[in-house]
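The structure under discussion appears below in the form of C-alpha cells.
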Amino acid sequence: MKTYLYALFIVLFVSCNSNEQSVEEVDIDYTVQNEEDILKYIKENNLNAKKSDSGLYYVIENEGTGNRPTVNSDVTVAYKGYFLNGSTFDESDANGITFNLQQVIAGWREGITYFKEGGNGVLLVPSKLGYGSSDFRGIPGGSVLVFDVKLLEIK
C-alpha cells in the first residue's frame with residue numbers, strides 16, 4: 001500500500017510540474033512597448049507613416065507603377081533590415097532576392113502588397129508580425145524590425 005501511495009504521489013508531483021513553463025518558454029506580449037518604440041522612431045525620423053489594422057506601420061516613398069502583388073505572389077525585393085537603433089541585421093544586394101510572400105514574416109507578407117512594381121518605402125514591423133518574443137538568428141525576441149524595401153519585380 002505504501003508503494004502504491006508513493007507512486008501516486010510521484011505521478012501527481014511530476015504531472016503538476018510538467019504543466020509549468022520555464023521563463024524561456026513564456027510568450028511575452030511586446031505590443032504596448034513596440035507601439036511606443038515605433039511612434040518614437042517615427043517622430044524622431046520625421047516619417048509620414050500609416051498604420052494598418054494589424055499594427056504594421058509603413059511609409060510609401062514611391063508607390064511604383066507596375067502591378068501590385070498579392071499575399072501569394074512570388075516577388076523580387078531589394079531590402080535592408082535594421083533595428084530601431086540603426087544596427088543592420090540583414091541586407092540584400094541591389095538585385096534583391098526572390099521568394100514567395102507565404103515564406104516570409106507576416107509584416108512582409110502584408111507590407112510588400114502596399115507597393116507596386118518599382119515602388120519603395122519603409123516597413124516598421126512590430127514583433128508580433130516579425131519573430132515574436134523568441135530570439136531568432138541574432139534578432140532578440142520582442143524586437144521591432146525596420147526594413148527599407150524596393151519591390152523590383154512580381155514573377
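Quick note: numbers below take in every heavy atom, side chains included, and nothing from hydrogens, waters or symmetry partners.
- Asn100 places a side-chain N or O within donor-acceptor distance of the main-chain N or O of Asn72, the cut-off being under 3.5 Å.
- Follow the hydrophobic side-chain contacts under 4.5 Å out from Tyr58 and you never reach Val144; the two are in separate clusters.
- The cationic atom of Lys80 (NZ for Lys, CZ for Arg) lies less than 6.0 Å from the six-membered ring centre of Tyr82 and within 45° of the ring axis.
- By the side chain to side chain donor-acceptor pair (under 3.5 Å) test, Glu117 pairs with no residue at all, sequence neighbours left out.
- A pairwise comparison of heavy atoms in Ala78 and Ser92 identifies CA-OG, 3.3 Å as the closest pair.
- Contact check for Val77 versus Ile97: no side-chain heavy atoms found under the 4.5 Å cut-off.
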Could you walk me through whether Val122 and Val146 pass side-chain contact (heavy atoms from CB on, under 4.5 Å), step by step?
-> CA-CA 7 Å; Val122 179; Val146 183; 3.8 Å; yes

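- Among residues two or more places apart in sequence or in another chain, the side chain to side chain donor-acceptor pair (under 3.5 Å) test is passed with Gln33 by Asp37.
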Would you check, one step at a time, whether the test side-chain contact (heavy atoms from CB on, under 4.5 Å) holds for Val75 with Glu153?
-> CA-CA 6 Å; Val75 295; Glu153 183 180 11; over 6 Å; no

Check the pair Ser73, Lys155 against side-chain contact (heavy atoms from CB on, under 4.5 Å), reporting the backbone distance first and the verdict last.
-> CA-CA 7 Å; Ser73 294; Lys155 300 283 184 186; over 6 Å; no

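- In terms of heavy atoms, Pro126 sits closest to Leu56 at CD-CA, 4.2 Å.
- Atom-to-atom distance recorded for Thr113:OG1 and Glu110:CD is 6.5 Å, nearest 0.5 angstrom.
- Within the 3.5 Å criterion, the main-chain N or O of Ser127 finds a donor-acceptor partner in the side chain of Asn34.
- Rounding to the nearest 0.5 Å gives a distance of 5.0 Å between CD1 of Ile105 and OH of Tyr131.
- Taken from OH in Tyr114 to CD in Glu63, the straight-line distance is 12.5 Å, to the nearest 0.5 Å.
- Within the 3.5 Å criterion, the main-chain N or O of Gly141 finds a donor-acceptor partner in the side chain of Asp135.
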List the steps, then state whether side-chain contact (heavy atoms from CB on, under 4.5 Å) holds for Leu47 with Tyr41.
-> CA-CA 8 Å; Leu47 298 175; Tyr41 182 86; 3.9 Å; yes

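- The aromatic ring centroids of Phe89 and Phe83 lie less than 6.0 Å from each other.
- In the hydrophobic clustering of this structure, Leu123 does not group with Tyr57; members are Ile, Leu, Val, Met, Phe, Trp, Tyr whose side-chain heavy atoms approach within less than 4.5 Å, directly or through other members.
- Distance check: Phe147 CZ to Asp90 CG gives 7.5 Å after rounding to the nearest 0.5 Å.
- Hydrophobic clustering (side-chain heavy atoms under 4.5 Å, transitive across Ile, Leu, Val, Met, Phe, Trp, Tyr) groups Phe115 together with Leu101.
- Using cut-offs of 30° and 60° for the angle between ring planes, the Phe99 and Trp108 rings count as tilted.
- Note that CD1 of Ile139 and OG of Ser134 are 12.0 Å apart. Values are rounded to the nearest 0.5 Å.
- The CD1 atom of Ile112 sits 6.5 Å away from atom CG of Leu151, with the distance rounded to the nearest 0.5 Å.
- Salt bridge absent: Glu35 and Lys40 never bring a charged side-chain N and a carboxylate O closer than 4.0 Å.
- For the pair Gly55 and Leu129, the tightest heavy-atom approach, listed with the atom from each and the gap, is C-CD1, 4.2 Å.
- Linking Ile, Leu, Val, Met, Phe, Trp and Tyr residues whenever their side-chain heavy atoms come within less than 4.5 Å leaves Val104 and Val71 in two separate clusters.
- Residues satisfying the side chain to side chain donor-acceptor pair (under 3.5 Å) test with Ser143, not counting sequence neighbours, are none.
- No more than 12 heavy-atom neighbours from other residues, nucleotides or ligands sit within 6.0 angstrom of CG on Asn48.
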